[in-house]
Amino acid sequence: MTGEEMPTEQEQRPTETNSNPPTMADVGRIAGVSAMTVSRALKGKSYIAKDTLERILAAVDQLGYVLDQSAGSLSSRRSGFIAAIVPSIDNSNFADTARGITDTLAQTSMQLLLGYTNYSVEREEELIESMLRRRPEGIILTGGKHTSKARAMLFNSGIPVIETWDVPENPVDAVVGFSNTDAMEALVDSLVAQGYSRFGFITGSEASDTRGHQRHIGFDRALSRHGLTSDRVVAIEAVPIRMSHGGEAIRALLERYPDTDVAICVSDLPAFGAIMECKRMGLVVPRDIAIAGFGDYEIASISEPGITTVNVDSYGIGAQAAGQMIAMLENRGTAATIRTSYHVLHRGST
């Protein structure tokens, strides 16, 4: 059975990206030095007094300035590539998103430069700075949580920025994503309709994975609406979450709450691990306990039993993000919030 599909929606709004990126002269003016001194300091080609360097770096942070390493090497001032940053290259959903970007960019002469953060906003900040130094045509990010320095660099980059896999309250520029909270609520509602009432939740390190945190919020909200408790939670601290972690988590969940009748996992990977561990424990899924995941990874459909999950069209997110990027490069006057589709898929695990 397939749950109700949420349609794709697009909302146009004026772009807020700064079309006039800060210059070395701007940095020098704030730091009280010449643009040449700023250049020497940032390129590390000569001795700069410590207090002078500190003023320059403070001005760089204040302005969100990024050194243009492509200057003088590209006469056209066009780099010909789009940068994209994902949390993990091990995750098949993010790999599908990258493939969607690449396939859509194939219609143009642009190429994809890909980086991954391992769910660290500090690592994302480093990647953003490194990529912006090479002046990409645009940049596509995963999620809407960034450091203040990263936001400043993105805002002042003068290029289109698209945040995906989320619908942030305060986007940098354009958005292509869905509400993880709403999608999880839809999953819980469908399981309540099936008769389940004692819900467990297996989550990850929510400080690192904001999308996982939003799914937890959706879990709590839905159960509260139905008058059910939501305190049966096991957190996996490892980053990223792997299949094996799901086995450890389901065992811990059942030791603490043995009467749990359904366990929802933050993604399909721990859900698969949980199903395998249940088999080792002599439990039959879903007779003894039902298991659900999130994301509709390939493993969800080939697992036995198949995993009930939420399909979020990972490939489509990448394809729509690249399409929006192309449109923004052709007309920088508008940005858009594109709400992508998701739907609940019921399989044998529930």
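What you see is a predicted model; the values in this text were computed from it and never measured.
Taking CD1 of Ile338 as the reference point, atom CD1 of Ile317 lies at 11.0 Å (rounded to 0.5 Å). Note: Met276 CE to Glu304 CD = 8.5 Å, rounded to the nearest 0.5 Å. Separation of atoms CZ (Phe81) and CZ (Arg135) is listed at 10.0 Å; rounding is to 0.5 Å. Taken from CG in Asp296 to OG in Ser314, the straight-line distance is 8.0 Å, to the nearest 0.5 Å. Rounding to the nearest 0.5 Å gives a distance of 8.5 Å between CE of Met153 and CG of Asp61. Atoms CD1 and OG1, on Ile82 and Thr108 in that order, are 7.5 Å from each other to the nearest 0.5 Å.
Between the side chain of Glu163 and the backbone N or O of Val172 there is at least one donor-acceptor pair closer than 3.5 Å. Looking only at distances, no side-chain donor or acceptor of Thr229 sits under 3.5 Å from a matching main-chain atom of Asp231. Looking only at distances, a side-chain donor or acceptor of His245 sits under 3.5 Å from a matching main-chain atom of Arg242. Between the side chain of Thr260 and the main chain of Val262, no donor-acceptor pair closer than 3.5 Å is present. Ser244 places no side-chain N or O within donor-acceptor distance of the main-chain N or O of Gly273, the cut-off being under 3.5 Å. Side-chain N or O atoms of Ser157 include one that pairs as donor or acceptor with a backbone N or O of Leu154 at under 3.5 Å. Proximity of a side-chain donor or acceptor of Asp288 to a complementary backbone N or O of Val284 within less than 3.5 Å is detected.
Looking only at side-chain heavy atoms (C-beta outward), Met325 and Glu137 stay at 4.5 Å or farther from each other. With a 4.5 Å cut-off on side-chain heavy atoms, Asp166 and Gln214 count as touching. Here the side chains of Ile291 and Pro286 are not in contact, with every heavy-atom distance at 4.5 Å or above. By the 4.5 Å heavy-atom criterion applied to side chains, Arg347 and Ser303 are not counted as neighbours. By the 4.5 Å heavy-atom criterion applied to side chains, Leu42 and Leu57 are counted as neighbours. No side-chain heavy atom of Thr117 sits under 4.5 Å from any side-chain heavy atom of Glu122. In this structure, Asp26 and Tyr65 have side chains that are not in contact, with every pair of non-hydrogen atoms separated by 4.5 Å or more. Contact check for Val27 versus Ile56: side-chain heavy atoms found under the 4.5 Å cut-off.
Annotation for Ile307 and Ala292: closest pair CG2-C, 4.3 Å, computed over non-hydrogen atoms. Counting all heavy atoms, side chain and backbone alike, Pro22 lies closest to Asn156 at CD-CB, 3.4 Å. Nearest heavy-atom pair across Ile101 and Ile140 is CD1-CD1, 4.0 Å. In terms of heavy atoms, Gly204 sits closest to Val266 at N-CG1, 4.2 Å. In terms of heavy-atom proximity, Ala84 sits nearest to Met131 at O-CE, 3.9 Å. Nearest heavy atoms, Glu277 versus Gly247: CG-O, 3.4 Å.
Counting heavy-atom neighbours within 6.0 Å of Gln111 CD, excluding the residue itself, gives a total of 12 or less. Counting heavy-atom neighbours within 6.0 Å of Arg151 CZ, excluding the residue itself, gives a total above 12. Other residues, nucleotides and ligands place no more than 12 heavy atoms under 6.0 Å from the NE2 atom of His213.
Hydrophobic clustering places Ile30 together with Leu53 (ILVMFWY residues linked when any side-chain heavy atoms are closer than 4.5 Å, directly or through intermediates). Follow the hydrophobic side-chain contacts under 4.5 Å out from Val234 and you reach Met243 in the same cluster. Linking ILVMFWY residues whenever their side-chain heavy atoms come closer than 4.5 Å, directly or via other members, leaves Val121 and Tyr116 in distinct clusters. Note: the hydrophobic cluster containing Leu141 does not contain Val167 (ILVMFWY, side chain heavy atoms under 4.5 Å, direct or indirect links). A continuous path of ILVMFWY side-chain contacts below 4.5 Å connects Ile275 to Tyr257, so both sit in one hydrophobic cluster.
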May I have the step-by-step check of side chain to side chain contact (heavy atoms under 4.5 Å, CB included) for Thr340 and Val176, ending in yes or no?
-> CA-CA 7 Å; Thr340 57; Val176 176; 3.7 Å; yes
Please lay out, stage by stage, how Asn91 and Tyr119 fare under the test side chain to side chain contact (heavy atoms under 4.5 Å, CB included).
-> CA-CA 12 Å; Asn91 185 310; Tyr119 296 89; 3.9 Å; yes
Show the numbers, then the answer: is there a side chain to side chain contact (heavy atoms under 4.5 Å, CB included) between Val233 and Thr203?
-> CA-CA 7 Å; Val233 178; Thr203 185; 4.1 Å; yes
Could you go step by step and tell me if Ile159 and Leu132 meet the side chain to side chain contact (heavy atoms under 4.5 Å, CB included) rule?
-> CA-CA 9 Å; Ile159 61 174; Leu132 289 179; 3.7 Å; yes
Stepwise side-chain hydrogen bond (donor to acceptor under 3.5 Å, both in side chains) check, Glu298 with Ser92 = CA-CA 8 Å; Glu298 182 181 10; Ser92 64; over 6 Å; no
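Under the 4.0 Å criterion applied to side-chain N and carboxylate O atoms, Asp259 and Arg232 are assigned as salt-bridge partners. Asp189 has a carboxylate O that lies under 4.0 Å from a charged side-chain N of Arg225, or vice versa, which qualifies the two as a salt bridge.
For residues 161-200, the pairs satisfying ring pair (Phe, Tyr, Trp, His ring centres under 6.0 Å) are Phe94-Trp165, Trp165-Phe178, with sequence neighbours left out. Residues in residues 261-304 take part in no ring pair (Phe, Tyr, Trp, His ring centres under 6.0 Å) pair, two or more places apart or across chains.
When each of Lys149, Arg123, Arg134 is tested with Glu129 by the rule salt bridge (Lys or Arg N to Asp or Glu O under 4.0 Å), just one qualifies, namely Lys149. The side chain to side chain contact (heavy atoms under 4.5 Å, CB included) with Tyr315 is formed by just one residue from the set Asn93, Asp103, Thr97; it is Asp103.
Checking Ser230 against Asp220 by side-chain atom types alone, a donor-acceptor pair falls below 3.5 Å.
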